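Below is one structure, written out as structure tokens, with a few remarks after it.
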Amino acid sequence: MSIRSDKLHLSHLVTHETKRRALLKFALVVALFAGYFGVIAYRYGVKEGIFVTAGTWSFFVLCTPIADAGFLLDFPLRLITRVRMLYSELAVWMIAILVNIWILAVNPEVYDTTKLLSLLHYIIEHPFPMWSIIVVSAIGTFLSVKFGDELIDTIRHHERDYYHRHKRRHRLWVMVFVFVLLLIIYNFLLRQLGVELPV
């Protein structure tokens with residue numbers, strides 16, 4: 001077996017193992033999500049539980065500057081299907097917005113069930129200045145997703161020439177700096193607007 005074929009075989013094994021781990025982590029996330037739904041459904045009933053769980057998930061998508069709720073889906077999808085996280089995160093945001101339109105149209109009382117949903121409702125009802133939290137969250141989320149995509153690309157194409165690697169690393173450092181700046185702005189906004197995230 002040649003050195004080249006050895007490298008290809010090793011690369012295939014690493015990719016297979018990475019995908020397997022991604023699937024395992026995704027399954028754990030789904031189990032955690034199902035567990036949360038189970039607790040909520042037990043407390044509020046199945047129908048109400050669906051609304052509360054979907055609304056809570058949408059809060060973490062729309063009102064936090066890190067792709068947390070979406071990244072749990074984006075990263076495994078990127079490893080398994082190679083669809084860029086930026087595209088899957090766009091879909092996540094569209095779904096989160098539609099979830100709130102759905103709740104407002106069908107069952108707005110859901111926003112009164114938890115402190116988190118009550119805060120989300122307040123943010124939605126006060127475009128100025130509260131939507132600035134959503135704007136900063138959107139910028140931070142898509143920047144973190146872009147950073148993740150760039151990082152995966154850098155690792156995947158580690159054998160490219162020095163210029164491309166140096167250029168990509170430079171972009172990563174710029175994104176890290178901007179992302180940290182966004183977190184500071186986000187924290188400042190929360191304090192200025194008197195928003196306290198429920199524990």
Side-chain angles (χ1 to χ4, degrees), residues 19-81 83-145 148 183 186-187 189-191 193-199:
K19 286 183 178 180
R20 193 179 68 80
R21 287 181 181 178
L23 280 170
L24 180 62
K25 287 178 181 178
F26 183 67
L28 289 172
V29 168
V30 170
L32 184 66
F33 191 75
Y36 176 78
F37 170 72
V39 172
I40 295 297
Y42 177 78
R43 184 172 180 179
Y44 298 106
V46 175
K47 184 181 177 181
E48 202 81 349
I50 293 170
F51 282 102
V52 173
T53 304
T56 302
W57 172 80
S58 74
F59 174 86
F60 287 106
V61 172
L62 301 174
C63 300
T64 56
I66 303 172
D68 41 19
F71 193 75
L72 297 173
L73 179 66
D74 301 333
F75 185 63
L77 277 177
R78 172 68 200 265
L79 293 178
I80 296 163
T81 66
V83 173
R84 294 188 73 79
M85 291 190 287
L86 184 64
Y87 302 137
S88 54
E89 188 63 27
L90 279 169
V92 164
W93 269 70
M94 287 302 299
I95 293 168
I97 291 167
L98 289 173
V99 160
N100 283 281
I101 293 172
W102 174 53
I103 293 173
L104 286 167
V106 177
N107 193 4
E109 294 80 17
V110 166
Y111 289 112
D112 299 325
T113 55
T114 67
K115 289 182 179 180
L116 204 64
L117 289 178
S118 180
L119 174 58
L120 176 59
H121 193 217
Y122 182 78
I123 291 171
I124 291 170
E125 283 191 323
H126 298 82
F128 183 81
M130 301 308 289
W131 282 18
S132 57
I133 292 173
I134 297 176
V135 171
V136 171
S137 296
I139 296 169
T141 294
F142 286 102
L143 190 66
S144 66
V145 165
L183 287 178
Y186 178 77
N187 187 52
L189 269 176
L190 292 183
R191 291 184 179 183
L193 297 174
V195 175
E196 290 185 14
L197 293 177
V199 179

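None of these values were measured; they are calculated from a predicted model.
- Looking at every heavy atom in both residues, E48 comes nearest to N107 through OE1-ND2, 3.1 Å.
- With rounding to the nearest 0.5 Å, the separation of OH in Y186 from CD1 in I139 is 13.0 Å.
- Using cut-offs of 30° and 60° for the angle between ring planes, the H121 and Y111 rings count as parallel.
- The distance from the CD1 atom of I40 to the OG1 atom of T113 is 7.5 Å, given to the nearest 0.5 Å.
- The minimum heavy-atom distance between I133 and C63, with the atom names listed, is CG2-O, 4.2 Å.
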Mind running side-chain contact (heavy atoms from CB on, under 4.5 Å) on L104 and I124 for me, showing each step along the way?
CA-CA 10 Å; L104 286 167; I124 291 170; 4.2 Å; yes

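- No side-chain heavy atom of V52 sits under 4.5 Å from any side-chain heavy atom of F37.
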Step by step, would you call W93 with T141 a side-chain contact (heavy atoms from CB on, under 4.5 Å)?
CA-CA 10 Å; W93 269 70; T141 294; 3.6 Å; yes

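- P65 and L183 make their closest contact through CG-CD2, 3.6 Å (heavy atoms, listed as atom of the first residue, atom of the second, distance).
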Please lay out, stage by stage, how I123 and L62 fare under the test side-chain contact (heavy atoms from CB on, under 4.5 Å).
CA-CA 10 Å; I123 291 171; L62 301 174; over 6 Å; no

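- Taking CG of L90 as the start and CD1 of I95 as the end, the distance is 11.0 Å to the nearest 0.5 Å.
- Distance check, rounded to the nearest 0.5 Å: CZ of F142 to OG of S137 gives 11.0 Å.
- With rounding to the nearest 0.5 angstrom, the CD1 atom of I134 is 12.0 Å from the CG atom of L189.
- Under the side chain to side chain donor-acceptor pair (under 3.5 Å) criterion, the residue pairs touching residues 30-44 are Y36-T56, with sequence neighbours excluded.
- Minimum interatomic distance between G55 and L117 (heavy atoms only, all atoms of both residues): C-CD2, 3.3 Å.
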